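Atoms considered below: every heavy atom in the structure, side chains included; atoms not considered: hydrogens, waters and symmetry mates. Please read all numbers here as calculations on a predicted model, not as lab measurements.
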Protein chains: 2
Amino acid sequence: MITISQLAAYAGVTVRAVRHYHHVGLMPEPARDGSGYRTYGAGDVVRLIRIRTLAEAGVPLGRVQALLDATPAVFSDAVAQIDAELRTRIRELKEHRRRIARLADGDSLALPPEVVGYLDRLRASGVSQAMVEGERDGWILMAARWPERIPELMADKTAQLDDPRTVLLYRLLDELVEVGLDEERLGAVADLLAEMAQQSAERGDLDRQNEELSDDAFIGLMDSYAFEAHPVVKRLQELLAERGWTGWSRIRRAPGPGQRA
Amino acid sequence: MITISQLAAYAGVTVRAVRHYHHVGLMPEPARDGSGYRTYGAGDVVRLIRIRTLAEAGVPLGRVQALLDATPAVFSDAVAQIDAELRTRIRELKEHRRRIARLADGDSLALPPEVVGYLDRLRASGVSQAMVEGERDGWILMAARWPERIPELMADKTAQLDDPRTVLLYRLLDELVEVGLDEERLGAVADLLAEMAQQSAERGDLDRQNEELSDDAFIGLMDSYAFEAHPVVKRLQELLAERGWTGWSRIRRAPGPGQRA
DNA sequence: CTTGACCTTGACGCTGCGTCAACCCCGCAC
DNA sequence: GTGCGGGGTTGACGCAGCGTCAAGGTCAAG
């Protein structure tokens, strides 16, 4: 008769593990001696070693029981099944590695490559880091809501960068954010925005894009984000309204005044 | 302002996950509305999406926080570290697959291949399944206690199988177990055992083997296992004692009677 | 007023033990 | 006898990342 620590030592496991196996019913609770100590025999050592062997091979404890007294056929079936599970788990982890590798670049957190390229061009154009991050967040939201439309939208956006006025616009916005509410500059920016919106509308781009962005609540959410980030956005939107445009994240022609009232 | 379920939906996670992130401090608890509901904004959606992206790439939640606002250098260091951990985990799982593959054969649970071969030969010689399992368990114990000595011991054991008397011995034992205590057969088996022990001793095999089996408590344990399994073993040991041999799992020449008393 | 869909907190479950905590028991040196 | 060190005992929390009730308050709609 041996004690639990000797049993554990012979089998190459910890005492705690043995008690755990008792707890989950993998090993029966043995008889106790006069002072309450568990007493084991050689049979327990054998059983424990067999359990350990299976456990170390990645067999879940819940299945060890069944495997210990399985016929060879059942046994190899079960083993095949467990092996399949291990393969699945390995595949998952490899997938994790792949994804993590793609995160090496900072911006690509949650962003498709088209957007990353766009943001890089923005940065290269001298737009401030804060502004780029604002754009990034906006596109994170867009990509989450309409992932399949990102390529199309980004194609338009990237094309717009070829227009020097686009870069100018961002620079002016940067300045505005820096100096605060300056009515003169605000007016100039609003004019530029209206002009570009007008052209975009004439080309038909605006309608084509907006048609797909059909989730008012979500657009409202994005607008509120912009408002919170920079108070100037609110003022700009008001000025745009005066010029016949409504919205921010999704700009549209405003319904004519007096149309309904 | 959106509710928790809308937030979760936009970010592609479950409501429960969001609450969990609050709980572990990954997302700050937001303001509540009049009836205690959590209210979120677009910034929360962005943050949550970034968290999800990292989590889905296998980044432990405990490190997400640090990664979210890390500089690119720190970020890529951390990513490299996490990738290394993933690799380690994958290696472990592959090791599990290797071990599990080797368990395909029933007996090899916890047994080195030499022993498996020996047991196969035993079975092929017509020894009963119960007897083979008894041997198997004995060798599981041996392999656990003296793994490095298994090859040597098994070489001797396997060689003994070439002696027809060895097989005869097992068969006689099988019969004994089957019919119970039969004094005549017991005597014959004891004689055979003594004879073979004698020859083994003369060849020097016995001393060589026993020299290494220097753990009286363990040998006692194995003996007790044999006794429990088959009462005949106890009788046989007594008969062997009459013939000048002591022990069972490890047989030795008995100290001469009257040597000490 | 009643649904039904959401919201809230609280708590257990899963996996396989590691790691205290608080308390007995045993043999041995003093 | 007594103290000490090295056993043993049960009980319970911790870890990772939520899933899944449970029990009840809220809200918009019919």
Of the listed nucleotides (C/dG18, C/dC17, C/dC7), which one gets closest to any side-chain atom of B/I4? C/dC7

For atom CD of B/E29 and atom C1' of C/dC7, their distance in whole Å: 13 Å

Could you tell me whether A/R19 contacts a base, only the sugar-phosphate backbone, or nothing, with contacts defined as non-hydrogen atoms closer than 4.0 Å? base

Over how many whole Å does the gap from A/I51 atom CD1 to C/dG16 atom P extend? 12 Å

Does any N or O in the side chain of B/R97 come within less than 3.5 Å of the main-chain N or O of A/A84, such that one atom is a donor and the other an acceptor? no

Between which nucleotides of DNA chain D, read 5' to 3', does contact with chain A run, using atoms under 4.0 Å from its heavy atoms? D/dG7 to D/dA12

Hey, are B/D223 and B/S249 close enough side-chain-wise for a donor-acceptor pair under 3.5 Å? yes

Counting only N and O atoms by type, is there a donor-acceptor contact under 3.5 Å from the side chain of B/R252 to the main-chain atoms of B/G247? no

Quickly work out the A/M27 CE to C/dC17 P distance and round it to whole Å. 13 Å

Nearest-angstrom distance from the residue atom CG of B/D33 to C1' of C/dT8: 11 Å

Name the residue closer to the 5' end of DNA chain C, choosing between B/R16 and B/T3 according to the nucleotide with the nearest heavy atom. B/T3

Check for a donor-acceptor pair, side chain of A/T39 on one end and backbone N or O of A/D33 on the other, with a separation under 3.5 Å. no

Between B/P60 and B/G34, whichever has its closest DNA chain D nucleotide further toward 5' is B/P60

So does A/R63 get a side-chain nitrogen or oxygen closer than 4.0 Å to the phosphate oxygens (OP1/OP2) of C/dT15? no

Please assess A/F218 against A/W146 for the test ring pair (Phe, Tyr, Trp, His ring centres under 6.0 Å), listing each intermediate value before the final yes or no. CA-CA 11 Å; A/F218 190 78; A/W146 293 288; 5.4 Å; yes

Less than 4.0 Å between a side-chain N and a carboxylate O, is that true for B/E85 and B/R63? yes

Could you state the atom-to-atom distance from CD of A/Q6 to P of C/dC26 in whole Å? 15 Å

d(CZ, A/R32; P, C/dC25) in whole Å: 14 Å

Step-by-step side-chain hydrogen bond (donor to acceptor under 3.5 Å, both in side chains) determination, A/T3 to A/Q6: CA-CA 5 Å; A/T3 68; A/Q6 299 175 47; 3.3 Å; yes

Rounded distance (Å) that lies between atom P of C/dC17 and atom CG of A/L54: 13 Å

How close or far is atom C1' of C/dC14 from atom NE2 of A/H20, stated in whole angstroms? 11 Å

Of the nucleotides C/dC26, C/dC17, C/dC6, which one has an atom closest to the side chain of A/S35? C/dC26

